[in-house]
S.K.: 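Starting off with a structure, shown below.
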Amino acid sequence: QVQLIESGGGLVQAGGSLRLSCAASGRTFRNYHLGWFRQAPGKEREFVTTISWSGGSTYYADSVKGRFTISRDNAKNTVYLQMNSLKPEDTAVYYCAADIDAVVGPYSIESLYEYWGQGTQVTVSS
């Protein structure tokens with residue numbers, strides 16, 4: 001079992017920044033990939049970014065590339081999402097997810113992630 005708890009969401013003006021955190025507990029943190037997904041009102045949940053168990057590989061959705069940065073601190077069992085140059089279209093509930101198999105990847109495919117946090121709301125005003 002893995003428990004994931006996100007924090008750091010809030011209200012920010014367009015062009016501003018936020019840093020989300022996701023604290024993990026349960027299975028050995030350094031053994032699994034971690035991803036961030038988001039769901040805007042009335043839309044499907046979508047991939048944002050992912051990072052490999054070692055931190056050596058990262059992938060981003062085109063919509064956030066160059067603005068968002070994912071990182072992880074295996075000593076603190078925490079993954080971060082630094083979001084800069086935020087836009088109103090970034091408004092969504094952001095979810096942290098864990099792919100505990102981590103044999104290959106990491107990938108953007110939602111179904112590969114077995115554990116999910118409860119989400120944190122990010123609202124970007126124009």
Side-chain angles (χ1 to χ4, degrees):
Q1 286 283 355
V2 173
Q3 294 78 42
L4 302 169
I5 301 177
E6 302 98 334
S7 62
L11 174 64
V12 64
Q13 288 189 330
S17 298
L18 279 176
R19 188 175 83 154
L20 305 184
S21 300
C22 174
S25 61
R27 298 177 64 160
T28 306
F29 182 81
R30 64 179 180 271
N31 289 348
Y32 46 88
H33 304 324
L34 289 154
W36 287 95
F37 293 76
R38 67 186 182 186
Q39 187 168 21
K43 294 188 176 181
E44 298 282 323
R45 189 158 58 187
E46 65 175 5
F47 168 76
V48 177
T49 180
T50 184
I51 187 167
S52 62
W53 63 269
S54 66
S57 296
T58 58
Y59 298 98
Y60 296 89
D62 288 344
S63 59
V64 307
K65 203 171 292 183
R67 299 187 298 122
F68 290 10
T69 303
I70 189 171
S71 61
R72 65 189 294 163
D73 185 337
N74 286 350
K76 295 183 178 180
N77 290 358
T78 301
V79 62
Y80 303 97
L81 180 62
Q82 178 67 44
M83 304 185 295
N84 299 327
S85 302
L86 282 161
K87 305 175 181 180
E89 51 263 44
D90 294 318
T91 295
V93 177
Y94 282 72
Y95 297 91
C96 173
D99 171 7
I100 63 172
D101 288 335
V103 174
V104 293
Y107 294 126
S108 61
I109 303 169
E110 187 173 324
S111 60
L112 293 177
Y113 294 80
E114 298 93 344
Y115 295 96
W116 293 78
Q118 81 289 349
T120 185
Q121 176 71 46
V122 171
T123 303
V124 184
S125 64
S126 58

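All residue numbers in this chain count up from 1 along the given sequence. Atom set for the values below is all heavy atoms of this structure, side chains included, hydrogens, waters and symmetry mates excluded.
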S.K.: Please name the pair of heavy atoms, one in E114 and one in D101, separated by the smallest distance, quoted to 0.1 Å.
M.R.: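 What the structure gives for the nearest pair is OE2-OD2, 3.1 Å.
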S.K.: Determine the minimum heavy-atom distance between Q1 and Q3, stating which atoms define it.
M.R.: CB-NE2, 3.6 Å
S.K.: Can you tell me if NZ on K65 sees more than 12 non-hydrogen neighbours from other groups inside 6.0 Å?
M.R.: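 Check passes, neighbour count above 12.
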S.K.: Going through the checks in order, is the side-chain contact (heavy atoms from CB on, under 4.5 Å) test met by S25 and V2?
M.R.: CA-CA 6 Å; S25 61; V2 173; over 6 Å; no
S.K.: So does G15 get a backbone contact from the side chain of S85, meaning a donor-acceptor N/O pair under 3.5 Å?
M.R.: no
S.K.: Evaluate the side-chain proximity of R38 to S63: yes if any heavy-atom separation is below 4.5 Å, no if none is.
M.R.: yes
S.K.: What residues form a salt bridge (Lys or Arg N to Asp or Glu O under 4.0 Å) with R67, not counting sequence neighbours?
M.R.: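 D90.
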S.K.: Using a 4.5 Å cut-off on heavy atoms from C-beta on, say whether the side chain of W53 contacts that of N31.
M.R.: no
S.K.: Grab the two heavy atoms, one from A23 and one from T78, that are nearest each other, plus how far apart they are.
M.R.: CA-OG1, 4.2 Å
S.K.: Indicate whether the side chain of T91 and that of E89 have a donor and an acceptor atom separated by less than 3.5 Å.
M.R.: no
S.K.: For the side chain to side chain contact (heavy atoms under 4.5 Å, CB included) test, which of L81, T69, I70 pairs with I51?
M.R.: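 With I51 as partner, L81, T69, I70 yield a single side chain to side chain contact (heavy atoms under 4.5 Å, CB included), made by I70.
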S.K.: I'd like to know if the side chain of H33 reaches the main chain of V104, judged simply by a donor and an acceptor atom lying under 3.5 Å from each other, with no hydrogens or angles considered.
M.R.: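 It does hold such a pair.
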S.K.: Is there a side-chain contact between T120 and V93 in this structure, where contact means two heavy atoms from C-beta onward sitting under 4.5 Å apart?
M.R.: no
S.K.: Nearest 0.5 angstrom please: L34 CG to T50 OG1, how far?
M.R.: 7.0 Å
S.K.: Which residue pairs satisfy the ring-ring contact (aromatic ring centres under 6.0 Å, His included) criterion with at least one member in residues 101-126, sequence neighbours excluded?
M.R.: F37-Y113, F37-W116
S.K.: Please evaluate residues Y60 and V48 with respect to the criterion side-chain contact (heavy atoms from CB on, under 4.5 Å), reporting the C-alpha separation (whole Å), side-chain torsions for both, the decisive distance (0.1 Å), and the verdict.
M.R.: CA-CA 6 Å; Y60 296 89; V48 177; 6.0 Å; no
S.K.: If Ile, Leu, Val, Met, Phe, Trp and Tyr residues are connected whenever their side-chain heavy atoms lie under 4.5 Å apart, and connections chain through other members, are V64 and V122 in the same group?
M.R.: yes
S.K.: Does Y95 have R45 sitting over its ring (NZ/CZ under 6.0 Å from centre, angle to axis within 45°)?
M.R.: yes
S.K.: Measure across Y59 and F47 and return the closest heavy-atom pair with its distance rounded to 0.1 Å.
M.R.: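 Closest approach of Y59 to F47, heavy atoms only: O-CZ, 3.6 Å.
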S.K.: Which pairs, with at least one residue in residues 12-24 and sequence neighbours excluded, count as a side-chain hydrogen bond (donor to acceptor under 3.5 Å, both in side chains)?
M.R.: S17-N84
S.K.: Taking C-beta and beyond as the side chain, do C22 and W36 meet within less than 4.5 Å on heavy atoms?
M.R.: yes
S.K.: If you look at every heavy atom in S126 and P88, which pair is closest and at what distance?
M.R.: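 Between these two residues, the closest heavy atoms are CB-CG, 3.8 Å.
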S.K.: Got a second to check how far I5's CD1 is from Q118's CD, nearest 0.5 Å?
M.R.: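 The CD1 atom of I5 sits 6.5 Å away from the CD atom of Q118.
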S.K.: Do E6 and L4 have side-chain heavy atoms sitting under 4.5 Å apart?
M.R.: no
S.K.: Hey, any chance V124 and Y94 share a hydrophobic cluster, counting ILVMFWY side chains that come within less than 4.5 Å of each other, even indirectly?
M.R.: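 V124 and Y94: one cluster.
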